[in-house]
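Numbered from 1 within each chain, the chains take letters A, B, ... in sequence-line order. What you see below is based on every heavy atom in this structure, not just the backbone, and it leaves out hydrogens, waters and symmetry mates.
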Protein chains: 2
Amino acid sequence: MKRRSVTSHEVARLAGVSQSAVSRCFSPHASISAETREKVLAAARQLGYRPNTIARSLITRSSRTVAVVVSQLDNPFYALTLARASRAFQSEGYHLLLFLVSDDGDTTGVMSEILQSQAEGILMLAASLTTPFAQECVARSIPVVMINRTVDFTGVSQVSSDNYHGGYWAGSYLAGQGHRRMAFLNGLASSSTGAHRRQGFLDALAAQGLECWAEENGEYRFDKAREATRRLFVQPPYPDAVFAANDHMAVAVIETLRAELGLRVPEDVSVIGFDDTPIAAWPSYRLTTIRQPLEDMVAAAAELLLEQMREERLSPVQRILPVVPILRGSVQQRY
Amino acid sequence: MKRRSVTSHEVARLAGVSQSAVSRCFSPHASISAETREKVLAAARQLGYRPNTIARSLITRSSRTVAVVVSQLDNPFYALTLARASRAFQSEGYHLLLFLVSDDGDTTGVMSEILQSQAEGILMLAASLTTPFAQECVARSIPVVMINRTVDFTGVSQVSSDNYHGGYWAGSYLAGQGHRRMAFLNGLASSSTGAHRRQGFLDALAAQGLECWAEENGEYRFDKAREATRRLFVQPPYPDAVFAANDHMAVAVIETLRAELGLRVPEDVSVIGFDDTPIAAWPSYRLTTIRQPLEDMVAAAAELLLEQMREERLSPVQRILPVVPILRGSVQQRY
DNA sequence: CTGTTAGCGCCTTCAA
DNA sequence: TTGAAGGCGCTAACAG
């Protein structure tokens, strides 16, 4: 629908001043006398005038907009991350353009739209970026910060938690507690986070002379994780521990073990997750997990992006924040 | 950071055509010969040209953007709704401007930004709107659709599920199953959804000659709901059933009952929720609840908004979609 | 089918 | 401090 809105010209005419006076009136530190200011504001109020952000962006060449690309919004961890990020950027006067992509990529269409949208920065939440697009962003000097996803390209900044050491901790903790048949439940094959957690886990086991007993993929989804659990427990000997690549799947494992296999956690099977989402603390699960410092990650990512949007040249950095193991009740020592 | 981007002029010069030829080349159904089209596209590719959406919006007076205002993104129901909505609008070529607000209002600042942002439509997700802003939107003929929130103003469209009858069903079902001490756990005082569920519930009880045994408020938040549960169960006689205004809180009730009070669900206490989020189906809860037709609600809201954005005049409608009770295992008959 | 010509609504020198 | 004038990058008549 095309509607004609009130313009600064109309306000100017009503106030009996020039159009530029109106413009100055709505610019932060422009010099204008209190008197004309009053006249202009009165006229503006009367007409219901608001400056047109689009016209302003065109001339100032700054949209004060950042694009957020997110996949897995159904994962509470990312929903929370988005909420935090939104707050961070809103408070700095930036608007968020939201783009949802499916897990398995196909960001090309979306990325192309983002580039056209004149966003000044791009925040990637658990979404991947193809190298050509990363290059194009760099060429246009549009800063990109990825949270929890890695790209094989040095031009973009990355913030993630120490997935490798998180996985490593899980492996050595389970081994130290006497487990011998540890299974790993991975997330998406395409996700670097899962790959790093897995590698840490395997390395920790290897350091103890152990091997991973079984491996499955749950795509970070509840239902898929349940199916994977069934495959993991088709016949004895069962795994005596499962390390899931995130809490969401870990809970699915517990639910399935209890409801379908008649197995107890942690008496029969130990379970470890990753993230420390609120649900991990619920009495029913008391999930031992590895906390990602969500607040810090978002803060770091927002700060990085803000900083790079201000600067002339981008200097991408890679920041890995430490994880912290949270011991609850889903792991039991074996003898 | 201000960067100078490639303009259609530069492409035109390189391709040896006029600037308008370039423009036509990137407009859907403009007439242009295959030959010049090729020249232009080649030049564009070489320069890395992409049309500037902002400039385009300014002249066409259409931003192809809709603002989404959402509160409670930590509630899975709304995270899912947002995901669906995003898909619906993206597929129609609209961009989403995301605004998060806190539960208890203060939308003034945000609404003011939205009005400046030239969004062509506004989708309110569980967020309230003050009457003055609703009026301003109408005055500018910017369509507004609210999902799960009511405003005391006829100018905006509203989509919600039949909260009243959902509450009514909960009340009569519990009464019919022989409960006599039913408690209600409400959400935010400011939310119309909660108020309607409550009213339906109370009316159903009244129809059976019963009264609500106790009432508490959990603000739709997990922790608050746990605290409220403790207050509901300070001393016998305990409630024999709890109707929570959403699943999120219902689960909190169950967790607290089991872990802290040593009470079983449904043997000692029956619990009913609202929403039918995925978690309600988990084996640990098997929550009897009232399903909101999420898909339909989003589809209806998106369709409405899209339609109104196309039309010249807005004709706000109020659409109430039927809920459906989902019987699982969290209610047991009393004798 | 193509190029020329006006702006869209605003910010920003530049003189006055 | 103020107004006039010139664009920002693009689309949309209008002639040719």
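Residue B:V17 is the one, among A:R50 and B:V17, whose nearest nucleotide of DNA chain C lies closer to the 5' end (criterion: closest heavy atom).
Of the side-chain N and O atoms in A:S57, none sit less than 4.0 angstrom from OP1 or OP2 of C:dC10. Taking only side-chain nitrogens and oxygens, B:T36 comes nearer than 4.0 Å to OP1 or OP2 of C:dT2. Dashed line: the shortest gap from a side-chain N or O of A:S33 to OP1 or OP2 of D:dT1 is not under 4.0 Å. Between A:S18 and D:dG3 there is a side-chain N or O to OP1 or OP2 distance below 4.0 Å. Note on A:R56: every side-chain N or O is 4.0 Å or more away from OP1 and OP2 of C:dC10. Look at B:S8 and you'll find a side-chain N or O under 4.0 angstrom from OP1 or OP2 of D:dC10. Dashed line: the shortest gap from a side-chain N or O of B:R61 to OP1 or OP2 of D:dT11 is not under 4.0 Å.
Heavy atoms of B:V22 sit nowhere under 4.0 angstrom from any nucleic acid atom. Residue-level contact check: B:Y49 touches the backbone only, with heavy atoms under 4.0 Å from sugar-phosphate atoms and none from bases. Within 4.0 Å (heavy atoms only), B:S20 reaches at least one base atom of the nucleic acid. Contacts of B:I32 with the nucleic acid, taken as non-hydrogen atoms under 4.0 Å apart, involve only primed sugar atoms and P, OP1 or OP2.
Comparing C:dG3, C:dC8, D:dC8 by their nearest atom to the side chain of B:A21 picks out C:dG3. If you check C:dG9, D:dA5, D:dA13 against the side chain of B:R24, the one that comes closest is D:dA13.
Here D:dC10 presents its P atom at 11 Å from CD1 of B:I59, a figure rounded to the nearest Å. What separates CG of A:N52 from P of D:dG9 is a distance of 17 Å, to the nearest Å. Rounded to whole Å, the distance from CG on A:L58 to P on C:dG9 is 12 Å. Nucleotide C:dC8 holds its C1' atom 12 Å from the NE2 atom of A:H9, rounded to whole Å. Here the P atom of nucleotide D:dC10 and the CZ atom of B:R64 are 18 Å apart, to the nearest Å. Atom CD of B:Q19 and atom C1' of C:dC1 are 16 Å apart (whole Å). Summarising the geometry, the separation between CD on A:E10 and P on C:dC8 is reported as 11 Å, rounded to the nearest angstrom. Nucleotide D:dG3 holds its P atom 15 Å from the CZ atom of A:R13, rounded to whole Å.
For A:T7 and A:Y49, the side-chain atoms include no donor-acceptor pair closer than 3.5 Å. Side-chain N/O atoms of A:S23 and A:S20 include no donor and acceptor closer than 3.5 Å. Using modelled atom types and a 3.5 Å distance limit, the side chains of B:S8 and B:Q19 yield a donor-acceptor pair.
Between A:F99 and B:H95, the distance from one ring center to the other falls under 6.0 angstrom.
Contact annotation: side chain of B:E35 to base of C:dC1, donor-acceptor pair absent below 3.5 Å.
Using modelled atom types, no side-chain atom of A:S141 and backbone atom of A:V138 make a donor-acceptor pair closer than 3.5 Å.
For A:R64, the CZ atom is densely surrounded, since the number of other residues' heavy atoms within 6.0 Å is greater than 12.
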